[in-house]
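Right, one structure below, let's go through it.
Because the structure is a prediction, the values reported are computed rather than measured.
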Amino acid sequence: MRGGRRLFPLLLLALLRGLCHGREPAPGAVTCGSVLKLLNTRHSVRLHSHEVKYGSGSGQQSVTGVEASDDANSYWRIRGKSDSSCQRGTPVKCGQAVRLTHVTTGKNLHTHHFPSPLSNNQEVSAFGDDGEGDDLDIWIVQCSGTYWEREDAVRFKHVGTEVFLSITGEQYGHPIRGQREVHGMPAANHHNYWKAMEGVFIKPSMDPAKHDEL
């Protein structure tokens, strides 16, 4: 009986710790300020941009999908709708509004009512200067849990036009031969799932003032 009395408080403590842990972000959560590559899980290409402008449509900087995993032009920084809404090291919640800023050129992932060059879906471009664009740079992270986890496939739904960031496999010719068209599609389907891949991730923290880089 004495052993049972000693065991009960230990079991209770373990249970309370488990309940508290459930409220905290998992170690694998994607966080604000992280720099990463995004893989389209259907077509196995990474979201990419470069200083090549569309020859039609908006004429803005093009966004494509590339097969190479080591291309430096495939890194994107995770930011909030405003800088104060996504402090560095804070886990990104499912349903949260974010901006994806292209690291090399400082332009934001963007879409608008222009037709895409190959599939005639909605054009996706990179827009703005030094990370500042407009309201058409805002995307909602759609995932199934509380936070965007690195191992999960997620969707990005555009706030302004309600399309999903997608790839359906169309390939460009010269001067970006073999790269895939990235566009917006109105329906959620297997062409618009993305997974976090290579990058520098800021460790999740309940206190945004405290963070470390992996």
Side-chain angles (χ1 to χ4, degrees), residues 30 32-79 92 98-112 114-134 136-142 148 150-158 161 163-185 189-201:
V30 174
C32 299
S34 293
V35 173
L36 51 79
K37 295 182 180 181
L38 290 167
L39 177 75
N40 182 279
T41 59
R42 173 68 175 180
H43 298 279
S44 297
V45 293
R46 286 161 174 77
L47 188 68
H48 177 91
S49 191
H50 40 220
E51 293 182 349
V52 177
K53 295 183 178 180
Y54 287 120
S56 60
S58 68
Q60 294 175 3
Q61 182 172 299
S62 60
V63 173
T64 63
V66 298
E67 293 182 353
S69 61
D70 59 351
D71 194 312
N73 281 322
S74 299
Y75 284 111
W76 301 83
R77 186 180 303 278
I78 308 301
R79 304 170 64 209
V92 177
V98 299
R99 289 176 291 174
L100 301 173
T101 302
H102 189 239
V103 173
T104 306
T105 62
K107 297 183 182 297
N108 295 327
L109 190 70
H110 179 96
T111 189
H112 40 211
F114 286 92
S116 59
L118 304 180
S119 66
N120 205 38
N121 284 297
Q122 186 165 297
E123 180 193 277
V124 171
S125 64
F127 173 77
D129 294 297
D130 297 325
E132 298 306 318
D134 61 23
L136 293 177
D137 301 339
I138 310 300
W139 303 79
I140 298 294
V141 179
Q142 290 194 344
W148 174 9
R150 282 186 236 169
E151 67 271 18
D152 293 342
V154 304
R155 290 189 174 101
F156 297 96
K157 186 173 184 179
H158 191 244
T161 63
V163 297
F164 294 90
L165 183 68
S166 306
I167 291 179
T168 49
E170 293 83 2
Q171 295 189 23
Y172 287 105
H174 182 77
I176 50 175
R177 184 175 302 278
Q179 296 187 22
R180 310 295 178 87
E181 181 187 81
V182 175
H183 49 247
M185 299 183 72
N189 55 49
H190 55 276
H191 295 294
N192 37 60
Y193 274 120
W194 301 84
K195 185 177 180 181
M197 298 298 288
E198 306 83 3
V200 177
F201 294 87

Salt bridge Asp129-Lys107, side-chain N to carboxylate O under 4.0 Å: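 Answer for the salt bridge query: yes.
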
Close side-chain approach of Phe127 and Leu136, heavy atoms under 4.5 Å: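 In short, these two side chains do not touch, never coming nearer than 4.5 Å.
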
Pairwise side-chain contact, Val92 with Cys32, heavy-atom cut-off 4.5 Å (strictly under):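 The answer is yes, as the side chains (C-beta and beyond) meet within the 4.5 Å cut-off.
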
Looking at [X] and [Y], what are the two nearest heavy atoms and their distance?
| X | Y | answer |
| --- | --- | --- |
| His48 | Ser74 | ND1-OG, 3.2 Å |
| Tyr54 | Gln61 | CE1-O, 4.0 Å |
| Lys37 | Asp71 | NZ-O, 3.1 Å |
| Ala72 | Thr104 | O-OG1, 3.5 Å |
| Ser49 | Ser62 | OG-O, 2.7 Å |

Taking [X] for the side chain and [Y] for the main chain, is one N or O donor matched with an acceptor at less than 3.5 Å?
| X | Y | result |
| --- | --- | --- |
| Glu181 | Leu118 | yes |
| Trp148 | Ala196 | no |
| Trp194 | Leu165 | yes |
| Arg79 | Gly131 | yes |

CA sep, side-chain torsions, deciding dist, call: Asn73, Val66, side chain to side chain contact (heavy atoms under 4.5 Å, CB included): CA-CA 10 Å; Asn73 281 322; Val66 298; over 6 Å; no

Which pairs of donor and acceptor atoms, one on a side chain in residues 172-180, lie under 3.5 Å apart (sequence neighbours left out)?
residue	atom	partner	partner atom	Å
Gln179	OE1	Thr64	OG1	2.6
Arg180	NH2	Glu67	OE2	3.1

Thr105 versus Glu51, side-chain donor and acceptor atoms under 3.5 Å: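 Glu51 vs Thr105: no donor-acceptor pair found between side chains.
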
How many angstroms lie between [atom1] in [X] and [atom2] in [Y], if you round to the nearest 0.5 Å?
| X | Y | atom1 | atom2 | answer |
| --- | --- | --- | --- | --- |
| Asn40 | Ser166 | CG | OG | 8.0 Å |
| Asn108 | Ser125 | CG | OG | 10.0 Å |
| Ile140 | Phe156 | CD1 | CZ | 11.0 Å |
| Thr168 | Met185 | OG1 | CE | 6.0 Å |
| Trp76 | Leu38 | CH2 | CG | 8.5 Å |
| Asn121 | His191 | CG | NE2 | 9.5 Å |

Evaluation steps, side chain to side chain donor-acceptor pair (under 3.5 Å), between Ser69 and Glu198: CA-CA 8 Å; Ser69 61; Glu198 306 83 3; 4.6 Å; no

Check against side chain to side chain donor-acceptor pair (under 3.5 Å), Ser119 and His183: CA-CA 8 Å; Ser119 66; His183 49 247; 3.3 Å; yes

Check: His50 ring centroid to His102 ring centroid under 6.0 Å: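 Ring centres of His102 and His50 not closer than 6.0 Å.
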
Residues which pass side-chain contact (heavy atoms from CB on, under 4.5 Å) with Arg155, listed by chain and number, not counting sequence neighbours: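 For Arg155, the residues satisfying side-chain contact (heavy atoms from CB on, under 4.5 Å) (neighbours in sequence not counted) are Gln142, Phe164, Ala188, Asn192, Tyr193.
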
Candidate list Leu100, Asp134, Val124, Val63, test side-chain contact (heavy atoms from CB on, under 4.5 Å), partner His110, passing option: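 Considering Leu100, Asp134, Val124, Val63, a side-chain contact (heavy atoms from CB on, under 4.5 Å) with His110 is found only for Asp134.
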
